[in-house]
There are 2 protein chains.
Amino acid sequence: MTTTRAEQRRQTELRILAAARRLFGEHGYDRTTIRAIAAAADSDAGLVMRYFGSKEQLFAQVATIPAEGPIEGDPDQIAELLTAALGGKLADEPAAALAALRAMFSHPEAGREVRTAMIGQQRQVAALMPGDDAALRAGVIGALTIGTVIGRHLLEFDGLADATPGEITAVLRPLIRALVSGDASE
Amino acid sequence: MTTTRAEQRRQTELRILAAARRLFGEHGYDRTTIRAIAAAADSDAGLVMRYFGSKEQLFAQVATIPAEGPIEGDPDQIAELLTAALGGKLADEPAAALAALRAMFSHPEAGREVRTAMIGQQRQVAALMPGDDAALRAGVIGALTIGTVIGRHLLEFDGLADATPGEITAVLRPLIRALVSGDASE
DNA sequence: GTCTATAAAGTGATAGAC
DNA sequence: GTCTATCACTTTATAGAC
């Protein structure tokens, strides 16, 4: 087989990225060492530095949060969009988001990124929701979202870790609908 | 004024504990150094070690999660108990719980403690709830709980950080009631 | 291109002077 | 009792041998 130098290097880079995603997601930013990533990728700490510049830059490449599509429509459509988006986050092993989530509380920049992304969506949603307390209800939707993801992937609550995404969204859908429309809260 | 040596020492210990609570809560376990705690308490790193043995033991004293009372009664009473307990956690600055929460994702032992405490309560509640998917709904209640606390104290979602505990529980109460009773989910 | 050796800085923990 | 000085270790990052 003919593997050029460039191909070799690309494959090593991919192995390093995969190892970094997994280890950052499992142990957080501070407890994941360049050495451990290199070892897990069957590579070398010096190479990791050479390819990615610094631990910080490697983390940034690995822990970016995928952007969400814009939210629009009437309350029912908004509720369905939010429920579907949450269902997607419950699918198995979104390693990149996990790394950002776990690092959120110890790595200031990761925390800011999660916060910015979530607050932006909440404001977007709140603007389309009826009622005086729309901002509060949008915040509760955000809390429900992040709590469910954490409960399933990180803390592994028995009810959440065992169920399928469909079963979970079936329970969440009516809650989100009630929060969006404002029923039973004023 | 007459301050005995024992009193002096006790006051220094209390200052160290307060500083540790604050710094662990703000920056997490790994990023909080013994030196920083000592400086914040106007004390000395050597003394911190002498009084508390190790960084680990100091953290354990500071980040224990207060035990919850037992849950019992009919579904309506359970929902009210859970809502009230959550309201208490939204009161301002529960520094000890914050330290445990922030460390949860990087400090394995802290994570286990939070997980054990929350799963225990969820199982207790699920056993008293009607329906086949009681465990799932109990997990969602747990997710809502931890998500709300994180959203208010750590991520500071605008809707949650601004509101009073009473306003927040007013929104959460009907959600929790629906989850406990199982209405609109089967 | 890849990896070894090492530098530079910061950590928790300890010993001992005052 | 309190604090200074230091140890032993680990970290990221760099320089240079192969």
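Chain A is the first sequence line, chain B the second, and so forth, proteins listed ahead of strands; every chain is numbered from 1.
Residue pairs that meet the salt bridge (charged side-chain N to carboxylate O under 4.0 Å, His left out) test with at least one member in residues 57-76 of chain A, sequence neighbours left out, are E68(A)-K89(A), D76(A)-R177(A). Legend: side-chain hydrogen bond (donor to acceptor under 3.5 Å, both in side chains) pairs involving residues 112-126 of chain A, not counting sequence neighbours, sorted by first then second residue: R123(A)-D158(B). Residue pairs meeting the side-chain hydrogen bond (donor to acceptor under 3.5 Å, both in side chains) criterion with at least one partner in residues 147-156 of chain B, sequence neighbours excluded, are absent. Applying the side-chain hydrogen bond (donor to acceptor under 3.5 Å, both in side chains) rule to pairs touching residues 43-52 of chain B yields nothing, sequence neighbours excluded. Within the structure, ring pair (Phe, Tyr, Trp, His ring centres under 6.0 Å) pairs that include any residue of residues 93-141 of chain A comprise Y29(A)-H107(A), F59(A)-H107(A), F105(A)-F105(B) (at least two apart or interchain).
Spacing between atom CZ of F52(A) and atom C1' of dT14(D) amounts to 18 Å, rounded to whole angstrom units.
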Contact state string [nucleotides 2-18 of chain C, B base, S sugar-phosphate only, - no protein heavy atom under 4.0 Å]: BBB------SBBB----

